[in-house]
Amino acid sequence: MTDAAALPGQPRGGVLSGPATARAVNILAPNANAMTLDGTNTWLLSEPDSPLAVVVDPGPLDEGHLRHVIATAEKAGKRIALTLLTHGHPDHAEGASRFSDLTGTQVRALDPSLRLGDEGLAAGEALEVGGLELRVVPTPGHTSDSLCFHLPADQAVLTGDTILGRGTTVVAHPDGRLGDYLDSLRRLRSLTVDDGVHTVLPGHGPVLEDAQGAVEFYLAHRAHRLAQVETAVENGHLTSAEVVAAVYADVDRSLWPAAELSVRAQLEYLREHGLI
């Protein structure tokens, strides 16, 4: 069996649901599949002694899950005061409207179409709820509206789908762009170097104990894939489907449609930079 400490980002073993840091509890949504891994991680955040809590990514429109999130907060003596979204994909955001109905909270997101209430989110914004501080980190690339949330007190960052707890993420072309994604990874690397962030609280998969290692792995992986795509084109594979068949031959075919989105983003990047 592989030692978790030897894996990229040092994923934490054990049950995914439950306390992850002093201020973060994961409630795993029951929507596991090839794309969502074990399911969507819905994060309940609060200061230990505060009666107020924040929820990040309520997840799919699953009544049982949404009520379980609320019950988890209530059991801890907390009231959910705010709902945040890392991005608008349904496995993270579809349940937000119903969750807002159940909790009476605003839903804040970068994309205005996802907001419920008058306030959105802005790059670098500092949020404060019941003494809990969160900082908004813009991380476009997976999608154009992707955000991360820096939790300084726990030296942690909630990454949505920008960094996963296992495997790598999709650059969801055409909304997602590879150049933006690489810039976002570098921005997250700065958090690990300059702000002491060492824990990744991802949107799917286990908590990562080595944030810098995870970011470096993602940057190296993207560089490797980009080189593979460039070589595939040089060898005459001109369409995205042909490139996927050549480059992702060792990947489960059920994941090829998602891989093709990333390949399209990589082809666009290579053309923009005059490399193909």
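Just the heavy atoms: all of them, side chains too, but no hydrogens, waters or symmetry mates, feed the values below. Positions are given from 1 along the sequence.
Under a 4.5 Å side-chain heavy-atom cut-off, the cluster of Ile, Leu, Val, Met, Phe, Trp and Tyr residues that includes Leu16 is completed by Leu28.
In this structure, the side chain of Ser100 engages the main chain of Thr105 through a donor-acceptor pair within 3.5 Å. Here the side chain of His92 pairs no donor or acceptor atom with the backbone of Gly88 at under 3.5 angstrom. Panel note: side chain His87, backbone Asp145; no donor-acceptor pair is recorded below 3.5 Å. Using a distance-only test at 3.5 Å, with no hydrogens or angles considered, a donor-acceptor pair links the side chain of Ser190 to the main chain of Arg186. Counting only distance, with no hydrogens or angles, the side chain of Arg108 and the backbone of Gly120 share a donor-acceptor pair below 3.5 Å. In terms of modelled atom types and a separation under 3.5 Å, the side chain of Asp252 and the main chain of Ser254 share a donor-acceptor contact. When atom types are taken as modelled, the side chain of Lys78 and the backbone of Ser46 share no donor-acceptor pair closer than 3.5 angstrom. Put simply, the side chain of Asp57 gets close to the backbone of Thr86: a donor and an acceptor are under 3.5 Å apart. Of the possible donor and acceptor atoms, none in the side chain of Trp256 sits under 3.5 Å from a partner among the backbone N and O of Ala249. In this structure, Glu230 contributes its side chain and Leu226 its backbone to no donor-acceptor pair below 3.5 Å.
Separating the CZ atom in Phe217 from the OG1 atom in Thr168 is a distance of 6.5 Å, to the nearest 0.5 Å. Asp194 contributes atom CG, which lies 10.5 Å from atom CZ of Arg189 (distance to the nearest 0.5 angstrom). Annotation: the span from Leu85 atom CG to Arg115 atom CZ amounts to 10.5 Å, rounded to 0.5 Å. Note that CG of Asn41 is 9.0 Å distant from OG1 of Thr159, once rounded to the nearest 0.5 Å. In this structure, Leu61 CG and Leu66 CG are separated by 6.5 Å, a value rounded to the nearest 0.5 Å. To the nearest 0.5 Å, the span separating CD on Glu74 from CZ on Arg67 amounts to 10.0 Å.
You'll find the side chain of Arg79 stays beyond 4.5 Å of the side chain of Pro51, heavy atoms only. The closest side-chain heavy-atom distance from Thr83 to Gln106 is not below 4.5 Å. For the pair Ser184 and Pro138, the minimum side-chain heavy-atom distance is 4.5 Å or more. Side-chain contact between Leu44 and Thr72: present, with at least one pair of heavy atoms (C-beta onward) separated by less than 4.5 Å. Looking only at side-chain heavy atoms (C-beta outward), Leu158 and His150 stay at 4.5 Å or farther from each other. At a threshold of 4.5 Å between non-hydrogen side-chain atoms, the residues Ile163 and Thr169 do not count as touching. Considering only heavy atoms from C-beta on, Thr199 stays 4.5 Å or farther from Val157 through its side chain. Side chains of Trp43 and Pro202 form a contact here, defined as non-hydrogen atoms less than 4.5 Å apart.
Exactly one of Leu116, Ile70, Val107 qualifies for a side chain to side chain contact (heavy atoms under 4.5 Å, CB included) with Phe99. That residue is Ile70. Each of Asn31, Asp161, Asp62 was evaluated against Thr40; a single residue qualifies, Asn31, per the side chain to side chain donor-acceptor pair (under 3.5 Å) test. Residue Asp210 is tested with Gln10, Glu216, His198 for a side chain to side chain contact (heavy atoms under 4.5 Å, CB included); the sole match is Gln10.
The side chain to side chain donor-acceptor pair (under 3.5 Å) search around Thr21 returns Asp154, not counting sequence neighbours. Shown here are the side chain to side chain donor-acceptor pair (under 3.5 Å) partners of His65, two or more places apart in sequence or in another chain: Thr42. Every residue two or more places apart in sequence or in another chain that forms a side chain to side chain contact (heavy atoms under 4.5 Å, CB included) with Thr239 is listed here: Ala241, Glu242.
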Side chain to side chain contact (heavy atoms under 4.5 Å, CB included) assessment of Asp38 paired with Arg166: CA-CA 10 Å; Asp38 311 274; Arg166 185 169 67 251; 3.2 Å; yes

Audit row: Asp175, Ser144, side chain to side chain donor-acceptor pair (under 3.5 Å) steps and yes/no: CA-CA 6 Å; Asp175 182 50; Ser144 61; 2.6 Å; yes

Step-by-step side chain to side chain contact (heavy atoms under 4.5 Å, CB included) determination, Arg222 to Leu178: CA-CA 9 Å; Arg222 284 297 164 197; Leu178 182 58; 4.0 Å; yes

Test side chain to side chain contact (heavy atoms under 4.5 Å, CB included) applied to Leu151 and Leu134, step by step: CA-CA 5 Å; Leu151 180 55; Leu134 287 172; 3.9 Å; yes

Worked verdict on Val263 versus Val247 for side chain to side chain contact (heavy atoms under 4.5 Å, CB included): CA-CA 9 Å; Val263 165; Val247 173; 5.8 Å; no

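Residues Val171 and Val229 are members of one and the same hydrophobic cluster, defined by side-chain heavy-atom contacts under 4.5 angstrom among Ile, Leu, Val, Met, Phe, Trp and Tyr. Follow the hydrophobic side-chain contacts under 4.5 Å out from Leu219 and you reach Val197 in the same cluster. A single hydrophobic cluster is seen to contain both Leu127 and Leu52, as judged by linkage of ILVMFWY side chains at heavy-atom distances under 4.5 Å, directly or through other members. Hydrophobic clustering keeps Phe149 apart from Val200 (ILVMFWY residues linked when any side-chain heavy atoms are closer than 4.5 Å, directly or through intermediates). Cluster membership check: Val193 does not share its hydrophobic cluster with Leu188, using side-chain heavy-atom separations under 4.5 Å among Ile, Leu, Val, Met, Phe, Trp and Tyr.
Considering every non-hydrogen atom in both Ser146 and Thr162, the closest pair reads CB-OG1, 4.2 Å. When all heavy atoms of Ile27 and His68 are compared, the closest pair comes out as CG2-CD2, 3.3 Å. Minimum heavy-atom separation, Ala258 to Val170: O-CG1, 3.6 Å. Of all the heavy atoms in Leu45 and Ala24, the pair that sits closest is CD2-CB, 3.5 Å. When all heavy atoms of Leu84 and Pro58 are compared, the pair lying nearest together is O-CD, 4.2 Å. Nearest heavy atoms, Val129 versus Ala81: CG1-CB, 4.0 Å.
The list of salt bridge (Lys or Arg N to Asp or Glu O under 4.0 Å) pairs with a residue in residues 98-107, not counting sequence neighbours, reads Glu63-Arg98. Listed by first and then second residue, the ring pair (Phe, Tyr, Trp, His ring centres under 6.0 Å) pairs that reach into residues 218-239 come to none, sequence neighbours excluded.
We find that Arg264 and Glu260 are joined by a salt bridge, their nearest charged nitrogen and carboxylate oxygen being less than 4.0 Å apart. A salt bridge between Glu272 and Arg177 is present, with a side-chain N of the basic residue lying under 4.0 Å from a carboxylate O of the acidic one. Ion pairing between a basic and an acidic side chain is recognised when a charged N comes within 4.0 Å of a carboxylate O; Arg135 and Glu125 show no such pairing.
With Tyr248 as the aromatic partner, Arg225 meets the cation-pi criteria of under 6.0 angstrom to the ring centre and within 45 degrees of the ring axis.
Aromatic ring centres of His142 and His173 lie farther apart than the 6.0 Å criterion allows.
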